[in-house]
Structure formats: C-alpha cells, structure tokens
There are 2 protein chains.
Amino acid sequence: MSVSTVSKALNGNGRMADDTRERIKRMAAEIGFRPNALARGLLSNRSFTVGLLTNDTYGRFTLPVMAGISEALVDHGVSVFLCAIEDDPALGKVHVDAMLDKQVDGIIATGKRVDRSLPVDLARLPVPVVYAFTKGEPGSVTLTADDRHGATLATKWLKEIGRKRLLHISGPKDFVSAVERAEAFREAAGRDAPVLHGVWSEAWGHEAIERIWNEGDEKPDGIFCGNDQIARGVVDALRERGVKVPDDVSVVGFDNWEIMAAQTRPPLTTVDMNLKELGREAGLMVLALAEGRAIEPGLRKLPCKLVVRESCGGADRRN
Amino acid sequence: MSVSTVSKALNGNGRMADDTRERIKRMAAEIGFRPNALARGLLSNRSFTVGLLTNDTYGRFTLPVMAGISEALVDHGVSVFLCAIEDDPALGKVHVDAMLDKQVDGIIATGKRVDRSLPVDLARLPVPVVYAFTKGEPGSVTLTADDRHGATLATKWLKEIGRKRLLHISGPKDFVSAVERAEAFREAAGRDAPVLHGVWSEAWGHEAIERIWNEGDEKPDGIFCGNDQIARGVVDALRERGVKVPDDVSVVGFDNWEIMAAQTRPPLTTVDMNLKELGREAGLMVLALAEGRAIEPGLRKLPCKLVVRESCGGADRRN
DNA sequence: TTGAAAGCGTTACCAG
DNA sequence: CTGGTAACGCTTTCAA
C-alpha cells in the first residue's frame, strides 16, 4: 500500500476498488491510525482550531458562551483555545500572536460588558473575527443579547400577573445594558415608572429597598431588577422587613445565573440571555467565515427568554 | 538570503556574521514575519499546546485552575485547549482524540470533585497527563488541595480568637473532602466536637442552624462550614434569628469563592485552596514531562491559606 | 485502480 | 560564514 492510496481511501477521494478501500479502512481502525492534524493543516491552511479571547475573570458570561462554541464546533473537529487576558493589552497581544502563530482558523472575542471592547486590536487580522457579547469594531460581525427584549419580557410578565406599581432597580447608568433595560422597562411599564440606578451588587438591592420602604410613598408591588445579584439583595431585604415575596411583591431578575437565581429564597424568576445559544452561533459564524462563506456584517441581537421560578407567583400562567 | 540562513539567524543557532544576523532580524520584524507553528511542530514533535479537560460545568474550580495554567504557560509560548466534557464519556473521547490529533504536548485533567475521576480513560496515552483537582490513575502525577490543612487552619483560627464551643457544618459524607475536613476539624477542636453532614447548599446551612438553635443544648460560638455556600446560609440564618456575627458567633467558610464570600453580610473569613497556584504547578509539570524531564509520580497535596474578612472578628490578630 | 512525486513552512545537517 | 538538501506527515496531481 502506498501512502497516497491510503490517504485517498480514508478521505473518500479518488476512485478505487471498494474492497481495497474497505480493507484499508479496517486496517487503519485496527492499528488505531489517526492522521496528524499539524501536517494536514500545513497543507490545507486550516488548523481546525479557533481562539476564544475574554476579559471576564469570573467566567460568569464567558463560560456559557464557551460551552456553546465548543458544542457547536466539536462536531466539526474544531478545538477551542481559551485565552483570559484580563484587561492587560500586552497580555492580549501575546495571546493573539500565539494563536496566529498556531494558525487558528478564526478568533471569537467575548467579555463581561457589551459596551466595551477588549484591550486588543483585532481589526485587520489575517483570520476572521467574531464578537460575541463584547463591543466589536465598526463593520464587524457582532452578536449580543437583546437587552430591550429581555427587559420587555420581564416587565410584561409582571403586568400580566396583575402587578400595577412597577419599579426597576438596576446597575450604573454608564452601562449601556442598564440604560437599554431601563428604557424598555419604561416603555412597557409607563413613561413615569420609577427607575433606580446603583451598582450591580446585592448590597445595592438591599439599600434600594431600604430607601423605598423608608419613604412615605406608595410601595411597588412588582420589581424588575437589573441582574440576579440585585434581585437577591432585594428579595432578602424584603423578607427581612416582613414583606412577602411573591405574595405582596413580585421580583424578576436578569441573567439567570443559576447559582444565584436558584439559591434565592424563593428562587428567582429571571431573564436568560441565551448565552450558550449565542456562543453556538458565534462558533458557526467564525467557522463559516473561515471556510470562505460570507456573513453579513453588523450587530445581531439575539432574543432572551424568561425563566419562571417562584419569585413572582402567577406561575400557573406559564405556558 | 536562503531560508536556512534566516532560520538560523532568527533562532540564534549556527554561526554567522553578527551584522548579517541583525539585518535579518530587522527585516523579519519589519515585514512582521512570524514562523508557522504548525510547520515547526511537524518537525519538532512539539505543538506548544496543551489540553485542559474538565467536567466542572460552572467552572467554579476549573476557572482558577485554568487561569494558573495559562499564566504559567503563556511565557513558554504554550496555549491551552479547554474541553468541557460534562459527564459524558463519548464527548470525552471525542475531545481527547481531537487533542491528540492536534498533537498536544500534554493533557491536564481537572474537575469538580477530587475523589472522582473524569469519565475518560487517560492511561496509556501517547502524551503526558497531569491530574489537578480530580482523581488520577494509580501511579500518575496528581495535584490536590490539602483539605486537612485547610480545615486545620480554619479550626485553629477559631480557637485562637477565643472560641470554645466549635461546630462543623459540611457536605455529604460520601465526599472525601467532607470527611477529611471533618477529621481535621475534630483533631483540632477535640474528639467529640460536633459535626453535621448535609449537602453543599445555602439551604442546608439554614436548616442546620434551625436545627441547632431549636434544640435546648448549648449553642456553638464558632462554626466552621464545609464551603462558602453553607457558610452564607449559616450567616443569613443567624442574622434572621438575631444572633450577631461575629459578635456572638464566628463563622468560617471554605473555598474563598469571591462572589459568595465577599457578598455575605458580613463578608466571610474563609479557606482558600490556592487553585490558581495549583493550576500553575500542574502547567509547569506537564511542560516538564513534555520536555522529557522526569517528575516523581504520586499525589501532591498543596497547602491552603486562610483569607480573613469579617465573619470571625479577631481580625486584629491577623498577621 | 494504483503509485510516484511535489509541496506545505520549518529546522538540522553537511558541503561548499 | 553561508546555502543546498532532506525530512516531518499528509494531500493532490499526474503518470503508469
């Protein structure tokens, strides 16, 4: 057997006697032959490798995205380099260069904020780049969760289960996510529905409730929180004041951060950004680009979904 | 210039006129020349790539380990494939095969439990394997956090700040970690110091406190918890009963899971398993093995450290 | 239907 | 001190 015959047999190329092909395949399987991807890549200019660049240390957003990418690409024989670059431009460059040297077929950038870019310049790279849940260069392929959609989902749900006096407690105003969620909230809840901006922490959720309940005003009966941590703080603060969740007040979170949402008492109804799905799409897109298929550039906002648990009541209306 | 001369100039090999070498280097830098790692790897049998295999979905343990590995190896030009295999043996095999095809220089296995193996057989692989925070094959190189040491640190700290009636609330008895921490606790706190086994959740921390405080017995004044989630449940339950932490009772956690430990009110004093350091060592070890340097096989237990926050008081004794 | 040869980008070795 | 050549493991093209 010559190498070339074997190659053709294994790859289904060329024409040859069916039994020759079968015999070769059988032998290859028997001795556990596995082609060297490096050699193959040298020739084909495809390494079946992509890089995932992130500055999200806790991996709160990166892990689901990574899982989606990996799941989508493993079927195509593609492996993923994970590079955590913090906010260090030098480290970013080192990792990008290392990936390029290794001839990655493409790079996916992700992070902890959709309105900030990573501290590395990924424009004019010799490989395709897709931005997922981080800010991309103008004219790039970018995927993001649709914050407005998520916020609308949450707010409408509160109205649907009969809540009238809605309040939104969220993170800092200099986060585009916070602003967009607040706008969508007002659109659905009414122009003058109150919005409180603070930070993304449990402590702020607490503080906001203190503030509201210590004022003389009418209390809200439905609270939409900018993330699950705030929601957790809110739920805890309400319980400590003897306000019943969900009987007196319904609370919705944002992120569906399992470990937080499921451990809250009661477990949180919350918006899920479908980050795994986002990762999957990002993976398929770099792959398409790497294979020379065209992808319309621009910003794609992927829909969110509402995960109903117990912090709102009205779960019977779930469909 | 011939290719071979350029190669030697860039790699510092062979002998040649210094100015020739300089000129070549300058030109290379100018045109942004970067050697193709695939071609290089084909020849040298080194891909400057390692694989990290994990079944830890939330990445709670994997992320710090990964960060350590990456940090240690980036200086050596090594990139890391991250493969999340859940508990699916088939998926595990697919990922391992993909990595082997790509000629990884080594594989690091990690997971969510030190007393369980990943659902893949990594024995007799053609590349070195290091186990970090997961159970390894007999005779393998394995790194783990020293649970006994961590528990001793926590218990001694409670005694040191003057606590007398110590209690340990931990996870299920079928976790070796839970058993070893409990044993070390008893060794330091006294043979008959009480230990409660439950699950690794906030809810269990709560429940344990209910149970203890509803019995007529003498109440503990120092509680060492098996993880930070339990500790959080404990602290919350105590606060809700009007028991002051740390004035009346000191609480220590385990894991130093920032997002949990720092958000607890008051923030948790807790044991840190130094997972990043563990990852760093694991990385350097696979690298050594890949380069043919010998590493004594066996189980290495790395020391923990105590991170002092506010849930114990006595922080003035910190040194 | 099969095999020989060229070439992918690099490094190591040996001649010049 | 420099350049040609072989080799790494594979795929593709062309000739037998």
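The structure displayed is predicted, hence computed values, not measured ones. Convention: sequence-line order gives letters A, B, ...; per-chain numbering from 1.
- Taking atom CD of residue Q103(B) and atom P of nucleotide dC8(D), one finds them 14 Å apart after rounding to whole Å.
- Side-chain contact annotation: K102(B) with T49(A), donor-acceptor N/O pair under 3.5 Å absent.
- Between D87(B) and N55(B), the side chains place a donor N or O and an acceptor N or O closer than 3.5 Å (distance only, hydrogens not considered).
- In this pair, F175(A) and W200(A) present their aromatic rings perpendicular. The plane angle is above 60°, beyond the 30 to 60° band.
- What separates CG of L38(A) from C1' of dT11(C) is a distance of 15 Å, to the nearest Å.
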Polar atoms only, N or O, under 3.5 Å: list the protein pairs with nucleotides 12-16 of chain C and their distances.
residue : atom : partner : partner atom : Å
dA12(C) : OP2  : N13(B)  : ND2          : 3.3

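- Between M16(B) atom CE and dT11(C) atom P there is a gap of 13 Å when expressed in whole angstrom units.
- Across the protein-nucleic acid pair, F48(A) atom CZ and dC10(D) atom P stand 15 Å apart, rounded to whole Å.
- Between dG9(D) and R40(A), no contact under 4.0 Å exists linking OP1 or OP2 to a side-chain N or O.
- Of the residues listed (T144(B), L143(B), T110(B)), the one engaging L278(B) in a side chain to side chain contact (heavy atoms under 4.5 Å, CB included) is L143(B), and it is the only one.
- Scored by the side-chain contact (heavy atoms from CB on, under 4.5 Å) test, V78(B) finds F48(B), V50(B), L73(B), H76(B), L287(B) as partners (sequence neighbours excluded).
- Nucleic acid contact for R46(A): none, since no nucleic acid atom lies under 4.0 Å from a heavy atom of the residue.
- In this entry the distance linking CG of D101(B) with P of dT11(D) reads 11 Å, nearest Å.
- In this entry the distance linking NZ of K102(A) with C1' of dT10(C) reads 16 Å, nearest Å.
- Regarding N45(B), its CG atom lies at a distance of 10 Å from the P atom of dC8(D), rounded to whole Å.
- Summarising the geometry, the separation between CG on N36(A) and C1' on dG9(D) is reported as 6 Å, rounded to the nearest angstrom.
- You'll find the side chain of F133(B) reaches within 4.5 Å of the side chain of M273(B), heavy atoms only.
- Heavy-atom nearest nucleotides on DNA chain D were determined for L42(B) and for R23(B), and the one closer to the 5' end corresponds to R23(B).
- The phosphate of dT1(C) (OP1 or OP2) has no side-chain N or O of T5(A) nearer than 4.0 angstrom.
- With hydrogens and angles disregarded, no donor-acceptor distance shorter than 3.5 Å links the side chain of S140(A) to the backbone of T142(A).
- Between dT2(D) and S2(B), no contact under 4.0 Å exists linking OP1 or OP2 to a side-chain N or O.
- Nucleic acid contact for T20(B): sugar-phosphate only, since backbone atoms but no base atoms lie under 4.0 Å from a heavy atom of the residue.
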